[in-house]
Structures are given as C-alpha cells and as structure tokens.
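Everything below concerns the one structure shown next.
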Number of protein chains: 2
Amino acid sequence: METESATQEKAGPFTSAWGWLKALPGKSKSKVLKVAKSIRKLGQDDPRRVVHSLKVGLALTLVSLLYYSRTLYDGFGVAGMWAVLTVVVVFEFTVGGTMSKSLNRGFATLLAGALGVGAQHFASLFGEKEEPIVLGFLVFLLGAACTFTRFFPRIKARYDYGVLIFILTFSMVSVSGFRVVEVLEMVHQRLSTIIIGGATCIVVSTCICPVWAGDDLHNLITSNIEKLASYLEGLGDEYFHYSSEDEGKAKVSNKDNSFLQGYRSVLNSKSTEDSMANLARWEPRHGRFGFRHPWKQYLKIGAISRQCAYHIEALNSYINSNIQASEEFQSKIQEPCTKMSEESGKALRSLASAIKTMKNPSPANIHLENSRTAINELKVAVKASSLEQADLLAIVPVATVASTLIEIVKCVDKLSEAVHELANLAQFKPVEANVSPEKPQLLLHRGIVNPVLDGDNDTDHIVITIDANPTDSPENEKPQATKPQATTS
Amino acid sequence: METESATQEKAGPFTSAWGWLKALPGKSKSKVLKVAKSIRKLGQDDPRRVVHSLKVGLALTLVSLLYYSRTLYDGFGVAGMWAVLTVVVVFEFTVGGTMSKSLNRGFATLLAGALGVGAQHFASLFGEKEEPIVLGFLVFLLGAACTFTRFFPRIKARYDYGVLIFILTFSMVSVSGFRVVEVLEMVHQRLSTIIIGGATCIVVSTCICPVWAGDDLHNLITSNIEKLASYLEGLGDEYFHYSSEDEGKAKVSNKDNSFLQGYRSVLNSKSTEDSMANLARWEPRHGRFGFRHPWKQYLKIGAISRQCAYHIEALNSYINSNIQASEEFQSKIQEPCTKMSEESGKALRSLASAIKTMKNPSPANIHLENSRTAINELKVAVKASSLEQADLLAIVPVATVASTLIEIVKCVDKLSEAVHELANLAQFKPVEANVSPEKPQLLLHRGIVNPVLDGDNDTDHIVITIDANPTDSPENEKPQATKPQATTS
C-alpha cells in the first residue's frame, strides 16, 4: 500500500487529476447506468411503488389548487400551507396507513385545539404578568405527560401519530394565542385545511389503484406458508433421493441452496406482520375482507409459521454440515421421511391455497393424515433396523434429521388448526365438491355448520346457519361469504 | 346467552342503568388503579422514559420563549411556530434519533428552499398565465420522484425523514411563492427557526441524561448473548440431571419454563437491532464509543445469536414434547452433553462480558476448547454404547438432543469468531492478567499486536503498535483504548 501511494505521489497531483478527469465520463456513465438499473428493478419488483409515487404527486398538485385559486386563497390564507403539509405527511403507501394518519391528525387537532383555547382562557384569568408562566407550565405538563403515554405499547401501535399531533397543536395554539387574538379563527383554519388535505389523501389513495394493508398481510402470510411448503417438498427430492445414490449432501448444499433458501425470509417477518395488522384495522370493508376481519388470527398463523421456519432452519444447517451418515440406515428410513416431508409440504401448500382463495382448509387434512401415518411408518422402520444396526455414531445424524422432520409435522398440525380457526372466524366458503348432504360428518369441520348440542340424541339433525339474504345462495348448504361478488375469484 | 339478555330486558332499562350507575364508582376506581399501576410499571421498567418525557416538556417550554420574549417575536413572527413544530417532531428517545431527524430536517429544508426559489424563478419566466401550470407540473414531478426514492432501502433507513421534509418544503416554497413575494425571507425564517428548534433538541437530549442508541445496541447484544448463556447453563442442570434420576422431562417443561424462556426474545430482535444500528451511526463520539465504532459488526453478532436461538428453540420444543427416551443411553451420554451445554454457556457468558467491558474475548477460548473436547467425548461414549444398545427407537430422542447441542456448540464457535473480529475492529483492551512478555503467542489473538509477516523467519520478533500518546499507558504491552477515561468502568 505504501509503495503504491508513493508511486502516485511521484507522478504528481496534476497527472493523477488528469487521469481522474479522463476516467470521469466513463465512471459517471457506469454509475448513472447502475442507478438507472436499480431504479428499474425497484419499480419492476413492485409496480405499485411507481403508482404510489404518481398518486402522491397528484394529491400534492390537487391541494396546491388551494393556493392557485384566488377564492380559496381568500378563504384560507397562509393556513393553506397546512393542507400541503398534511398531504406530504399523511399520504402513506397503504390505505390503512393513510387512514390511520389522517384520522389521528384530524381528531388530535380538534381535541388539542379545544384544549388549547381552554388553556389560553384559563391562563388569562391570572393577569398579564402570570399568563406566560401559567401557559409555559401547562405546555410543559401536557408535553411531558403525552410524551410518556407514547411509551404504552398499545398507544404506540395505533395512536402514536395522534399523540404527536396533539402535543404539537396544543403547544402551538396555547402559545400562539398569547400573541395572536384570533385563536379560534386559527384553530378553525387549521382544522379545515387538515380536513381538506386528509380527505384528498384518503380519496386518492382509496380510489386510484388502492394498496390495502390487509391484502398485503393476507398475501404475506400465504406466501410465507408457500415458502415453507417449497422447502419441504424440495427436501424430500434433494436430500433423501440424492444421498441414497451417492454422497449427495455436499451436492445439495452447493447446488440447491438458492432454491431451498426461500424460507429464510419467514424467520424475520414478525415486525412486518405486526405493523401490517395494525394498519389493516383502520381499513374499511374492501374486496373479500369485512370491517372486522380477524387480522389477529393472521398474526397467530404467522407466529406458527415462524416456529416451523425455526425447525427448518435447524434442519437445514444440520443437513449442510456434512456429517458422515450411515447410508444403509438412511436408505431404510428414506421412504417414510420423504413421505413425511412431501406430505407436510403438500399440506402447507393446501393450507396456503385455502387462505388465498378463502375456501375451507379441509383438503389439507388428508395430507396431514398421510404425514402422521408416515411418522408411524418411520417408527416401524427404525424399530425393524434396531437389531441389525451396529454403528450408532453413523445413525445419529440421520435419526436427527428424521426427528426434526417429526417436529415439523407437529408444527404443520398446529398451523392447520390455526387456519381452521381462521376459516371459522372469517367464514371461509366450503369446498363445493365435498358438500353433499350424504356426508354430514364432513361438514362438522367447517365451523359454519353447528351440530346440535351433545344433549340431543338425534345425531342426524343438523342446524345450518344461513345469513340474512338467502336469495344470494342457491344451495342451502352453502353459507354466505362476507362479500358475494368476490366469491368468483 | 339468550335467556340472560331476556332477563335483563324484563328488568327494564332503568333498573339496569341504575345498577350500572351504582357500580360506576367502584368500577372506575379499579380502572384508575389499573391504569396507575401500568403507568408506574412503565416508568419502573425503564426510568429513562420518565426523564425523556420531562426533557421533551423542557425543550418545548424553552422554545416557547420564542413567542414570549417580544424581541424574538419581532424577529421571527408567525414562523416561530416552526420552532415549536420542530421540537415536537424532531425530539426522539435516543440522541441518534434526535440527531438524525434534526440534521435531515435542516439540510432538507436548506436544499428544498433553494430549489423552491429556483423553481419559482424558472416558472416566472413563462408569463403570468403559464406560471401556475409550470409550478404545478414541477411540484408533481418532484413530489413523485422523491416519493419513489423513499423506496430505496438505504435511503429509507437513513434519509427517509429528510426526503419527506424536502418534498414538504419544496412544494410549500414554490407554491406559496406564487402568492407571497418574500420567498427568500420565508425560507430564511423557516430555516433559522428550524435551526433553533433542532439545536434546542440536540442540546437538551445530549446534555441531560442522554440516551445513546449505540449504548442501547451494545447492551441489547450483550444481554441477548447472556440470555442464550442462561439457557445453556440451565439446560445441563435441568434436563440431564433430573432425567437421570426420574422422568424429569415433564417436570422441566412444567416447572422451569419461565426460567428457560429468556432466549425467546432473541428470536425476533432483528428489527430493533437494525434500527438501533442506523441511529447509532448519527451519534457523536461518547463514552467508550468512537465516531466510527463498528456498529455493523454488532449486527453480524446479533445475526449469529439469532441463529443460535433458532437451534435452542428447536431443542427446547424437542425436549418439551415428552418423547419416551432410553434412560440407560441417556445416562451414558449425560456427562459429555452436560459438559457441552455448560461449557458453551460459559463461553457465551464470557463473550458477553468481554463485549460489556470491551476487553479482549480470549478468556472464552478455554470454554470453547472444553466444549469441543466434550463433543469428542460424546462421540466416544456413543461409539462405546453402539454394541450394547438394541432399542434404537428409544435412543433417537436422546441422540437428537445431543446432535442439536453439537450444532449449538458450532454456532457458539462462530459467535466467538465474530466477537473476536469486533474486538479487533473496536480495539478492545487486552485482559491484564494474561499480558506477560513471556507468552508472546497469547498476544496473537488480540489483533492489536501484529506479528511480523510470514516471510520473516525470526519468530521471536514481534511488532507492537502503540497509539500516539504513550504516557497514558504505563505498560508498553497495553495498547490504548479509544477513550482513556472510560477504561475504569
């Protein structure tokens, strides 16, 4: 390093500067190309980003009309700036985010404005000299108290922005009131401009290609389960098949890592899921999702998916660590293990598609049943090889993979339960093919059909709950989905 | 349920309202008590929250002086509101957060103000009728383009707030300039009030009980490693000891869950660590941390800790699933397994304390060595029991626990490497007791002492790098820490 810089120094600063200048067009061209590429990639990965940017531009331009049009200007004055400010600050990527911020901002301003006027009136009772002291004390008190409430997890999650705006408006109103006489006028102006800005944002974000946080959460949960499914389906093919032919594990770790790495993003998905569920609560009824859609249950499903991903991570690192395993033993348990992982993968895929299409998840049950059977087959296979095998050390690695697979199957079982709960709560449609009056016991899984209480001995008698509008559903057995027009998708 | 509501209805709305009113004082009293309790708990959990709230109140009151004092009022006018707004919006819990927001806000306003004035001038060239159209188009263009840049992960992490303020100021300046002639005056006012507000926030947050994001990240990483250590140290005692005496696994799962659950918070710590590392970069040199402290390395250590936690999670769920295991086999591998988990626990604790005290992590090496030895002992023990054992099915669960422990030991090894790297990058102090000129090979681990290049055959010759100020360190072997006054802690 030292010799290099010495050579450069000898060449003189002018020469090196000249070289740098000569290289500049090429360098900057390649840099511009690189940035352009990353911009295109960002847009291609999610075209909604481009649309969102245009929407923000549109909302900004619309609100700027407040200034352009003379009549509106006469009405709002400088306060029109607040409308521009509101648009920039409030417009979020998802409808839920925009809603939450707009409503928080609106209500907090209203409340804080009223309180600020009250505080100003209260302080004026003390005489001219004491007024600033009283006001200063009030601002200190409210500022500190409200800042503290922002540490409550529930307030932080939902009303953080509202509390911020509350402190802001209160201190501005109570303090500015000390100078400006028209406090009420100011509050009125701020509030009306905020309403105009917020309403513009809500309308633009809801009406032009809306991005629903609820939809995103729904898709995220589904795709996470699918990623787990891909791993499990791939595992059976890659690990067990190859390694029975030759020492395939090293191959797996080198060749197929990219294909089997999808599950990794599931490991750290908690914070994204939490924030999406928080935003989804603010969204109105849309598409297939009602106003009180059970978003909390999605979080539960997400947690179990992560649980499953932890096991897969352990399994994956175990498989990739290239431990000498007994091929003889491996070939003996290969079949049940492959079946376990394939069937649980299929079960996951079926659960994911049930959530995606919002249909009853019972088709997954058969795969779950199969994977449970495979566990028993595995046990039989292990028991059978007990007496023949001698080299315990070489058996341990394979046995570990097998028992981790068992844990994964258990996890998938739990996940299936949670998805069934979701199907109950969100009233998923039953699968048409299976609905037949001859098989009443199948219907019991669907949660929309309530069997008569145990006290009643007449087991053939089933109560079917049907929603208010029976003309929408031609078959009586088919309960109504939350929004009929979406049932075609 | 139906009968209950029917009874209530019969009793009449007045009776039930009366009952509700009678219960009100008691109910509200218990509710108030509950809220008071949760407030106290929030404050007790982290007293810095209370201090932070008071600091925000103080900064708000200080800035309100802008309005109270007549001379300042004459200088700033209504723009003084911007100072209040800046304080509320910019003051964050950590110094890094406050710094990042203040600087982002300041620079973005400066830049956008200049651009806004330029845009206004450019638009005025087009004539009075076209001016609003050109301005509207510019606002749309810049608003959309800047919103899109917010999707770049690197910009989102560091300059998100700056881009927001840039859009805000640009549209306000260029739009308001259409009406108000004194655009330059307005930009100057906004900027100076923002500087006053931001400076107040930075001074208050840095000088009064500062909360450093860097310190928090440092402590979080340390405590996470300690939590893993607690689990591993506890595991040896709880799982292997008990189960050799009686069927202790059920006991463990029921009794000691609370003690062994600490590691769970490590699983989802990624987002907290990421955001803290982002904020820590904005902080000036403080305490033991220089300006260019290697915060990125903390993230690497955090990632490996999580890796370790995934394995522990798999192990834990495996232990708690109450599988029939062979006690005979278990008692045979009990000793090496206990040693493995205890020694790796001790190694983790030693690594955590090395990070905490910023001393060289080499004392952990002996524990790592011990746990590696235990792996070999385990292999010998398993090999020895190969021929005697017959019931493979009962052996599998114990073997799985053992091989998961091996994976954990490997993870701890990786963690130790990463901590050694950190010690190199952040120039941790060597451990005094081990520093003696008779043992030059020990020094090689410390990274501050550079051995001569391989080409040189004189292995006794060691180059010791000593920082500029040798009078501070009495022994020549002890290199200087980043900040001498902190070395006492």
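Throughout, a chain's letter reflects where its sequence line sits, starting with A, and its residues are numbered from 1.
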Worksheet item: Tell me, side chain or backbone of Leu142(B) under 4.5 Å from chain A's heavy atoms, or both, or neither?
Response: neither

Worksheet item: Given Ser403(A) and Thr400(B), is the side-chain hydrogen bond (donor to acceptor under 3.5 Å, both in side chains) satisfied, shown in steps?
Response: CA-CA 7 Å; Ser403(A) 46; Thr400(B) 306; 2.5 Å; yes

Fill in: Close side-chain approach of Val89(B) and Leu85(B), heavy atoms under 4.5 Å
yes

Worksheet item: Given Ile408(A) and Cys308(A), is the side-chain contact (heavy atoms from CB on, under 4.5 Å) satisfied, shown in steps?
Response: CA-CA 6 Å; Ile408(A) 291 174; Cys308(A) 202; 4.1 Å; yes

Discussion item. Only pairs of heavy atoms separated by less than 4.5 Å count here; which of Ala144(B), Ser269(B), Ala399(B) has the most with chain A?
Written reply: Ala144(B)

Worksheet item: Under a 4.0 Å N-O cut-off, is there an ion pair linking Lys270(A) with Glu273(A)?
Response: no

Worksheet entry | chain A contact via Thr149(B) - which portion, at a heavy-atom distance below 4.5 Å | neither

Item to complete: Check whether any side-chain heavy atom of Ile406(A) lies under 4.5 Å from a side-chain heavy atom of Leu378(A), and answer yes or no.
Response: yes

Worksheet item: Between Val396(B), Leu141(B), Leu168(B), which residue shows the highest count of heavy-atom pairs closer than 4.5 Å to chain A?
Response: Leu168(B)

Practice prompt. Look at Arg150(A), Arg49(A), Lys55(A) and state which one has the largest set of heavy-atom pairs under 4.5 Å with chain B.
Written response: Arg49(A)

Item to complete: With a 4.5 angstrom heavy-atom cut-off, could you sort out which part of Leu315(A) is near chain B: side chain, backbone, both or neither?
Response: neither

Discussion item. Taking every non-hydrogen pair under 4.5 Å, which of Ile165(B), Asn268(B), Thr272(B), Thr404(B) racks up the most with chain A?
Written reply: Asn268(B)

Discussion item. For the interface with chain A, which of Leu60(B), Val88(B), Asp46(B) has the highest count of heavy-atom pairs at distances below 4.5 Å?
Written reply: Val88(B)

Discussion item. Do Phe152(B) and Ile39(A) have side chains that approach each other closer than 4.5 Å (heavy atoms only, starting at C-beta)?
Written reply: yes

Worksheet item: Regarding His52(A) and Ser205(A), is there a side-chain donor-to-acceptor distance under 3.5 Å anywhere?
Response: no

Discussion item. What part of Phe93(B) gets within 4.5 angstrom of chain A, counting heavy atoms only: side chain, backbone, both, or neither?
Written reply: side chain

Fill in: chain A contact via Leu267(B) - which portion, at a heavy-atom distance below 4.5 Å
both

Discussion item. I'd like to verify something: which residue of Leu164(B), Val87(B), Thr169(B) has the highest number of heavy-atom pairs under 4.5 Å with chain A?
Written reply: Leu164(B)

Fill in: Region of Val50(B) in contact with chain A, defined by heavy-atom distances below 4.5 Å
both

Item to complete: Over all heavy atoms of both residues, which pair between Gly57(A) and Phe140(B) is shortest? Give the atoms and the distance, please.
Response: C-CD1, 3.2 Å

